[in-house]
There are 2 protein chains.
Amino acid sequence: MESASTPRSRAREQTMRDIVRIGRQHLASDGAAALSLRAVARDLGLVSSAVYRYVASRDDLLTLLVVDGYDELGDAVDQALAGVEREDHVGRMAAIGRAVRAWGLAEPATYALLFGSPVPGYEAPAEQTTGPGTRVVVRLVEVWEDAWQAGRIGLDDSPLAPRRLTRDLARIRREMGLSAPDALLARGLFAWAALFGCVTWEVFGQYGTATLTDPADLFEQHLDALVEAVGLARA
Amino acid sequence: MESASTPRSRAREQTMRDIVRIGRQHLASDGAAALSLRAVARDLGLVSSAVYRYVASRDDLLTLLVVDGYDELGDAVDQALAGVEREDHVGRMAAIGRAVRAWGLAEPATYALLFGSPVPGYEAPAEQTTGPGTRVVVRLVEVWEDAWQAGRIGLDDSPLAPRRLTRDLARIRREMGLSAPDALLARGLFAWAALFGCVTWEVFGQYGTATLTDPADLFEQHLDALVEAVGLARA
DNA sequence: AAGAAAGCAAGAGCAGTGCTCTCATTCGTC
DNA sequence: GACGAATGAGAGCACTGCTCTTGCTTTCTT
């Protein structure tokens, strides 16, 4: 019985929360590669070996932080969507985009952990991370599916997707219960990757020489392009 | 006289090349964060301290590898462009995109070093990396500028860029000697970030659940969207 | 040609890391 | 109260980046 809520188990959960909290602080201040279990132990007032009672390894701690990050990003997106009318597909898409950007800029270290280069030798265990990790794209797909069913998507002149891709898209459509056509799904995948490309570019400062006085303005332009890419016309 | 080509200086240059070569091997096999100067020294048949005669620090070795990677990517893009007609703007843009993708998939570790999360505590020195680091985007801008001057860009219905963004774009236009309008520049920045977003998504395996039988097909679809985004019509 | 100067490699050493082991202590339960 | 599980402390291993000193070799200068 792991959820017996004995005094001890409650203390254990508190310690786990502390570990994640301190781990996030170190992640934010020093980055993922510099995340040290010993340093976390020091801040926790414990000796390093004691932390291994709670966390199996450094990679395990990373997994905790990954899940924590995905959840926080998902919450941010959901919160942003709460204030948008369900019929306002463009507004929903823009809200998702802005939420991702805002969260990425506010939490660059966690963003890097989730969407930057994978920590070498560390592979996020799928069973724990795929669920929270797909929250954003699921919200995006919901918007496109709604817009498609409402007849607000215009992708008539788009070429048919190739054979093999079509088969994969059919599987995706089946698994997610979608009615959107191949062209929209392909465009959706593009918009998804492109959105995170834009945010990553800004968070990691890849614009480099093009230091802009107001990156938010540029991002709004990017949102226009993203909305267009999936066949939605912006108001 | 540093380029006197004495026997000693030639031996030194050879050792430097060896260090970069072995470093790239370790980067490819173990990733950036696991790159160890001691391990490089072992493979080189030297003691760790001796390597510090050639490389100031681990970060310095990273910088060498960053420059090396940018150059290799730039060469790959230039080589891909060599076989495309100058007037074939869509073909040039697609060639750049495919070259970036192919190189990223072939060298995921170096790609991660260049475009993934920045190594914490390490900041690539601008004076050494900005030059090679901008080769790809410069090639892209060349294509768009050529297409614009050839009257092949249609972005008439695009909204005007905001005030502050316009000022930045004017500066870019001046510095690079471009005649393309604001809308095209903004769309170009989007396409640039989106392209690397798509490649990053695929290299890092972020498509996750959407494991596709033929990712190249999907990338061709993405190329369509990228070409459209800058107002070029694909043949 | 002889001596000075610079370059080079080795080794020891410091502080830090992840992780494992043993040992004592404390806590919850029967 | 007694037993077993959970917890924390400490020592220790192998590894890391990096610095310093110590010799040796090559190169340049007088």
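Each chain gets a letter, A, B and so on, in the order the sequences are listed, and its residues count up from 1.
- The nearest whole Å value for the distance from the OH atom in B:Tyr52 to the P atom in D:dG17 is 6 Å.
- The distance between atom CD1 of B:Ile19 and atom P of D:dG17, rounded to the nearest whole Å, is 13 Å.
- Side-chain atoms of B:Arg98 and B:Leu223, non-hydrogen and from C-beta on, do get closer than 4.5 Å to each other.
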Donor-acceptor contacts under 3.5 Å from residues 63-70 of chain A side chains, at least two apart:
from    : atom 1 : to       : atom 2 : distance (Å)
A:Thr63 : OG1    : A:Asp59  : O      : 3.1
A:Thr63 : OG1    : A:Tyr122 : OH     : 2.7
A:Asp68 : OD2    : A:Arg24  : NH1    : 2.9

Can you check each nucleotide of nucleotides 5-13 of chain D against protein heavy atoms at under 4.0 Å and return B for base, S for sugar-phosphate only, - for none, in 5' to 3' order?
-BBBBB-B-
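- For B:Leu62 and D:dG17, the CG to C1' distance is 12 Å, given to the nearest whole Å.
- Between A:Leu189 and B:His222 there is a side-chain heavy-atom pair separated by less than 4.5 Å.
- Put simply, the side chain of B:Trp144 reaches to within 4.5 Å of the side chain of B:Met93, judged on heavy atoms.
- The nearest whole Å value for the distance from the CD atom in B:Glu13 to the P atom in C:dG7 is 15 Å.
- Nucleic acid contact for A:Leu35: sugar-phosphate only, since backbone atoms but no base atoms lie under 4.0 Å from a heavy atom of the residue.
- For the 3.5 Å distance criterion, the side chains of B:Tyr52 and B:Ser57 fail to qualify, holding no donor opposite an acceptor.
- The interatomic distance linking A:His26 (NE2) with C:dG16 (C1') rounds to 14 Å, in whole Å.
- The distance from atom CZ of B:Arg58 to atom P of C:dG16 is 18 Å, rounded to the nearest whole Å.
- Atom CG in B:Leu37 sits about 6 Å away from atom P in D:dG17, given to the nearest Å.
- Look at CZ on A:Arg42: it is 7 Å from P on C:dG16, rounded to the nearest Å.
- In this view, A:Arg17 and A:Glu13, A:Gln14 satisfy the side chain to side chain contact (heavy atoms under 4.5 Å, CB included) rule, not counting sequence neighbours.
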